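As structure tokens, the structure follows; a few thoughts come after it.
Both backbone and side-chain heavy atoms feed into the values below; hydrogens, waters and symmetry mates do not. Naming convention: chains lettered A, B, ... in sequence-line order (proteins, then strands); numbering from 1 in each chain. It should be emphasised that the depicted structure is a prediction, and the values quoted were computed from it without experimental measurement.
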Protein chains: 2
Amino acid sequence: MQKYVKELKYHKLKITPQRLDILKFLDNNRVHPSADEIYQAIKIDSPALSKTTVYNNIDVMVKNNIIKSFRFMDSNELRFDYKTTEHYHFICRECKSIYDIDISLPYFEKFKNYKHKVEEFYGDYKGVCENCLKNNSKNK
Amino acid sequence: MQKYVKELKYHKLKITPQRLDILKFLDNNRVHPSADEIYQAIKIDSPALSKTTVYNNIDVMVKNNIIKSFRFMDSNELRFDYKTTEHYHFICRECKSIYDIDISLPYFEKFKNYKHKVEEFYGDYKGVCENCLKNNSKNK
DNA sequence: TGTTAGATTGTAACTATTACATTATAGTTA
DNA sequence: TAACTATAATGTAATAGTTACAATCTAACA
């Protein structure tokens, strides 16, 4: 728990039980949860939690770069990750599972002398996952 | 106009003035418009148009691969393109302009022997565009 | 020309998110 | 330790984008 306190203090944010709960949840559940999933999970042990608090804190933590927010291309809800190394997502069109792809790709090198200054990249890959390939030969 | 009729017929979709208007608009305005932008534009000449019709038709045309739908990572609205070659988007964090990036990147080659079967890719690049770099030296 | 499956329309519902006002509390100071 | 104050938490209401639904209409075919 001390590491979350340290993290918040570093960014001059007040230490509140709600913030610690959210950080702890994101750190222990690296499944790109949505705001509602975070809310529902924490509410079990802290029923007084308000969804607005989840949104407020997510917001302030994203702005302070403590957590990352992103969105899958075909989804209408934002998703969140405790600080991660750069990675991409693979979404299976059969079972909808989300896998992290950790293959490092030379995106930025390509843009060394490009007319625009490229700073960030977001990407999703889509297809059929390992398991669905195994279970359903028509996908091969 | 005949090419839109042909396109719809090929997919066994009924030819309606609304569908032709939407296709024509998307073909002539390759600026990734949102559903509302499509609706507002066509309404000028066809005031009876319903927004539900825009959504319905967008939906059926996406499903038939006549148009493409996608979403910018930090936006909550879907955007649409008349059939395009594969390309990526660059969004300027200063002026919010959207540029198409037509540099072809060897994404799929990397995944030839990957455990998952990669079929589609969506990506956004973000940074500072050519013009904003020129106009504001602090971005360099 | 009549029939009918499918399309269009308008309204209402829904989901994710944000705005806002009130109450509470973390962290500082006396 | 108590009091103070800036910030945070809460609940409600509002908003934006989209979808569901029922009634009406029309394109395409016999």
**Asked** Rounded to the nearest Å, what distance is computed from the CD atom of residue Glu77(A) to the P atom of nucleotide dA16(C)?
**Response** 5 Å

**Asked** Phe90(B) versus Lys115(A): any side-chain heavy-atom pair under 4.5 Å?
**Response** no

**Item:** Nucleotide dT7(D), atom C1' - distance to CG of Leu8(A) in whole Å
**Value:** 14 Å

**Request:** Write down the distance between OH (Tyr39(B)) and C1' (dA16(D)), rounded to a whole number of angstrom.
**Result:** 15 Å

**Request:** Verify, without hydrogens or angle tests, whether Arg30(A) (side chain) and Asp81(A) (backbone) share a donor-acceptor contact under 3.5 angstrom.
**Result:** no

**Item:** Interatomic distance, Leu20(A) CG vs dG27(C) P [rounded to whole Å]
**Value:** 9 Å

**Asked** What's the CG-C1' distance between Asp59(A) and dA9(D), to the nearest Å?
**Response** 15 Å

**Prompt:** In Å, rounded to the nearest 0.5 Å, how long is the span from NZ of Lys68(B) to CG of Leu26(B)?
**Reply:** 13.5 Å

**Complete:** Comparing nearest nucleotides in DNA chain D, the 5'-proximal residue of the pair Arg71(B), Lys9(B) is Arg71(B)

**Prompt:** Parallel, tilted or perpendicular: which fits the ring planes of His116(A) and Tyr99(B), with parallel below 30° and perpendicular above 60°?
**Reply:** tilted

**Request:** Pull out every residue in residues 44-56 of chain A that has a heavy atom closer than 4.0 Å to any atom of DNA chain D, ordered by number, or say none.
**Result:** Ala48(A), Leu49(A), Ser50(A), Thr52(A), Thr53(A), Asn56(A)

**Message:** Quick check: on DNA chain D, is the nucleotide nearest Lys12(A) upstream (toward 5') of the one nearest Ala35(B), or the reverse? Name the residue that is more 5'.
**Reply:** Lys12(A)

**Prompt:** With a 4.5 Å heavy-atom cut-off, do Arg79(B) and Glu37(B) have their side chains touching?
**Reply:** yes

**Asked** So, the side chain of Arg19(A) versus the backbone of Asn57(A): is there a donor-acceptor pair under 3.5 Å, distance only?
**Response** no

**Complete:** Out of dA26(C), dA27(D), dA16(C), minimum distance to the side chain of Thr16(B) belongs to dA27(D)

**Counter-base of dT29(C), judged by Watson-Crick or G-U geometry with both distances under 3.5 Å** = dA2(D)

**Item:** Length of the CZ-C1' vector between Phe72(A) and dA16(C), whole Å
**Value:** 16 Å

**Request:** Could you tell me the separation between the CD1 atom of Ile58(A) and the CZ atom of Phe80(A), rounded to the nearest 0.5 Å?
**Result:** 4.0 Å

**Request:** Look at the side chain of Arg19(A) and decide which nucleotide, out of dT9(C), dA7(C), dA8(D), has an atom nearest to it.
**Result:** dA8(D)

**Fill in**
Nearest-nucleotide check on DNA chain C, Lys14(B) vs Asn57(B); residue mapping nearer the 5' end is Lys14(B)

**Complete:** Whole-Å distance, Gln18(B) CD to dG6(C) P, equals 18 Å

**Request:** Check the distance between dA7(C)'s P and Leu23(B)'s CG and give it to me in whole angstrom.
**Result:** 14 Å

